[in-house]
Amino acid sequence: MPELPEVETVRRGLQLLIVGKQVISETHDWPKGWPNSDDDVAQFLLGATITAVRRRAKVLLLDFDSGYTLVTHLKMTGQLVYRGDEVFGAGHPNDSLVGPLPDRSTRVTLEFRDGSKLFFNDQRKFGWMKLYPTIEVETIDFMQKVGPEPLEDDFTAEAFRERFRRRARTSIKAALLDQTVVAGVGNIYADESLWGARIDPRRLVAQVSDQEFALLFHELRAVMNLAIEKGGSTDRNYVDAEGKKGSYMDFARVFRREGQACPRCGAAIDKIKHAGRGTHLCAQCQS
DNA sequence: CACTTGACCTGTCCGC
DNA sequence: TGCGGACAGGTCAAGT
């Protein structure tokens with residue numbers, strides 16, 4: 001669920017809300033999702049001030065002036081929600097999916113000196129947070145292997161196509177979801193961009209032409225940029241840093257629209273199982 | 001090495 | 001209404 005556009009939306013929100021705040025306490029209820037020792041917390045987190053909020057692929061990076069970075073992966077149902085006087089009781093209650101915090105899915109709470117708090121909620125407990133020395137973040141296995149950022153200005157259609165070379169014998173959808181090929185693509189934007197490029201998700205990478213790769217590259221970037229503009233996709237429980245929903249699902253062309261008319265040709269949209277995932281496509285105009 | 005499947009979890013929905 | 005099972009889908013480990 002949280003894919004690149006959702007994580008980027010959270011990052012932008014947190015950038016405005018928590019940079020400059022000093023942590024005074026930390027609590028957690030899920031040791032697996034918080035592997036740091038109490039000693040590490042006391043030494044590198046308590047008393048430290050947030051200097052920046054960065055993102056790489058679907059990973060959020062909270063930098064502290066202690067020289068440590070809190071690396072966070074939301075996985076499927078993770079949420080990072082800020083509560084403070086700035087937004088408490090304001091905002092847009094109709095857009096909110098999150099009630100009073102903490103609640104039963106709160107895993108980690110950071111309290112800041114001004115009394116505001118950051119809650120890491122995760123219904124399914126797949127997500128995690130871990131402190132690393134900032135200079136070692138790039139040496140983490142995931143960071144070493146993850147592919148290029150699809151929205152970077154200097155990423156080209158040619159470079160995009162080249163990344164798929166070593167996955168020639170698998171399907172284009174499985175390859176798109178492979179984080180070592182390109183960073184940040186998940187199930188929603190894989191289906192949406194393949195529809196945009198008129199490519200059947202099941203087609204083998206080797207059967208995709210250079211021209212189609214160029215189109216797919218363009219569609220993927222367009223879809224992700226639109227999704228960021230709309231604050232991401234709230235399918236089930238994704239929310240931004242203020243606990244509010246994103247509206248990209250109102251603009252989705254195939255995702256979660258099985259049975260509805262394809263906006264391009266009018267045929268009914270199919271939902272199949274492919275690459276271990278629910279997969280949405282228009283069999284009439286994707287080939 | 002390339003590729004696929006199962007595990008990690010819990011809440012929701014569907015059929016009996 | 002209650003209950004079992006399928007399903008949701010990001011990533012890694014284990015298996016083919």
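Every heavy atom of this structure was used, including side-chain atoms; hydrogens, water molecules and symmetry mates were not. Every value quoted in this text rests on a predicted model; they were computed, and no experiment measured them. Numbered from 1 within each chain, the chains take letters A, B, ... in sequence-line order.
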Exercise. Side chains of Leu80(A) and Phe119(A): closer than 4.5 Å at any heavy-atom pair?
Worked result: no

Exercise. Looking at Gly246(A) and Tyr238(A), what are the two nearest heavy atoms and their distance?
Worked result: N-CE2, 4.3 Å

Exercise. Please give, in whole Å, the distance from dT10(B) P to Gln79(A) CD?
Worked result: 16 Å

Problem set entry | Rounded distance (Å) that lies between atom C1' of dG10(C) and atom NZ of Lys173(A) | 13 Å

Exercise. Within the structure shown, what part of the strands sits under 4.0 Å from Lys271(A) by heavy-atom distance: base, sugar-phosphate, or nothing?
Worked result: sugar-phosphate

Exercise. CZ of Arg256(A) versus C1' of dC13(B): gap in Å, rounded?
Worked result: 12 Å

Problem set entry | Side-chain donor-acceptor pair present, Thr279(A), Lys273(A), cut-off under 3.5 Å | no

Exercise. Hey, is the side chain of Lys32(A) poking within less than 4.0 Å of OP1 or OP2 on dC9(B), counting only N and O atoms?
Worked result: yes

Exercise. Is NZ or CZ of Arg107(A) both nearer than 6.0 Å to the six-membered ring centre of Trp128(A) and within 45° of the ring axis?
Worked result: no

Exercise. Considering heavy-atom distances to DNA chain C, does Arg277(A) or Lys273(A) have its closest nucleotide positioned more toward the 5' end?
Worked result: Lys273(A)

For this session: Provide the distance between the two P atoms, one in dG11(B) and one in dC12(C), to the nearest whole Å.
Result: 25 Å

Exercise. Quantified in whole Å, what is the P atom distance between nucleotide dC9(B) and nucleotide dA14(C)?
Worked result: 15 Å

Problem set entry | Pair Asp103(A), Ser105(A): side-chain N/O donor-acceptor within cut-off below 3.5 Å | yes

For this session: Figure out the CG/C1' separation between Leu74(A) and dC9(B), and round it to whole Å.
Result: 16 Å

For this session: Would you classify Phe255(A) as touching base, sugar-phosphate or nothing, given that sugar-phosphate means primed atoms plus P, OP1 and OP2, and contacts are heavy atoms under 4.0 Å?
Result: sugar-phosphate

Problem set entry | Between Thr180(A) and Arg166(A), a side-chain donor and acceptor under 3.5 Å | yes

Exercise. With respect to the phosphate group of dT10(B), does any side-chain polar atom (N or O) of Lys125(A) fall under 4.0 Å of OP1 or OP2?
Worked result: yes

Seminar exercise, completed: Whichever of Arg104(A) and Arg169(A) has the more 5' nearest nucleotide on DNA chain B, that residue is Arg169(A)

For this session: Confirm from the modelled atom types if Arg124(A) and dA8(C) form a donor-acceptor pair under 3.5 Å, side chain to base only.
Result: yes

Exercise. Are His73(A) and dG10(C) close enough that a side-chain N or O sits under 4.0 Å from OP1 or OP2?
Worked result: no

Problem set entry | Spacing of Arg236(A) atom CZ relative to dC13(B) atom C1', expressed in whole Å | 9 Å

Exercise. Between dC3(B) and dG9(C), how far is it from one P atom to the other, in whole Å?
Worked result: 23 Å

Problem set entry | Nearest-Å distance for atom pair CG/C1', residues Leu97(A) and dT12(B) | 14 Å

Exercise. Does a side-chain N or O from Arg166(A) land closer than 4.0 Å to OP1 or OP2 of dC1(B), or not?
Worked result: no

For this session: Round to the nearest Å and state the distance from Arg167(A) atom CZ to dA2(B) atom C1'.
Result: 7 Å

For this session: Tell me which of Trp30(A) and Ser171(A) sits closer to the 5' end of DNA chain B, going by the nucleotide each one is nearest to.
Result: Ser171(A)

Exercise. Between Lys58(A) and dT11(C), does any side-chain N or O lie under 4.0 Å from OP1 or OP2?
Worked result: yes

Exercise. Where are the stems of DNA chain C, defined as at least 3 consecutive Watson-Crick or wobble G-U pairs with both distances under 3.5 Å?
Worked result: B:2-8 with C:10-16, B:10-16 with C:2-8

For this session: Determine whether Val59(A) and Leu62(A) fall in the same hydrophobic cluster, where Ile, Leu, Val, Met, Phe, Trp and Tyr are linked whenever their side-chain heavy atoms lie under 4.5 Å apart.
Result: no

Exercise. Is any side-chain N or O of Ser105(A) closer than 4.0 Å to OP1 or OP2 of dT10(B)?
Worked result: no

Problem set entry | Glu162(A) atom CD, over 12 foreign heavy atoms within 6.0 Å | yes

For this session: Would you indicate whether the side-chain heavy atoms of Lys173(A) and Asn187(A) approach each other to under 4.5 Å?
Result: yes

For this session: Could you state the atom-to-atom distance from NE2 of His280(A) to P of dA8(C) in whole Å?
Result: 8 Å

Exercise. Is the aromatic ring centre of Phe126(A) closer than 5.5 Å to the centre of the six-membered base ring of dC8(B), with the two planes inclined by less than 30°?
Worked result: yes

For this session: Indicate whether OP1 or OP2 belonging to dT11(C) is found under 4.0 Å from a side-chain N or O atom of Gln179(A).
Result: yes

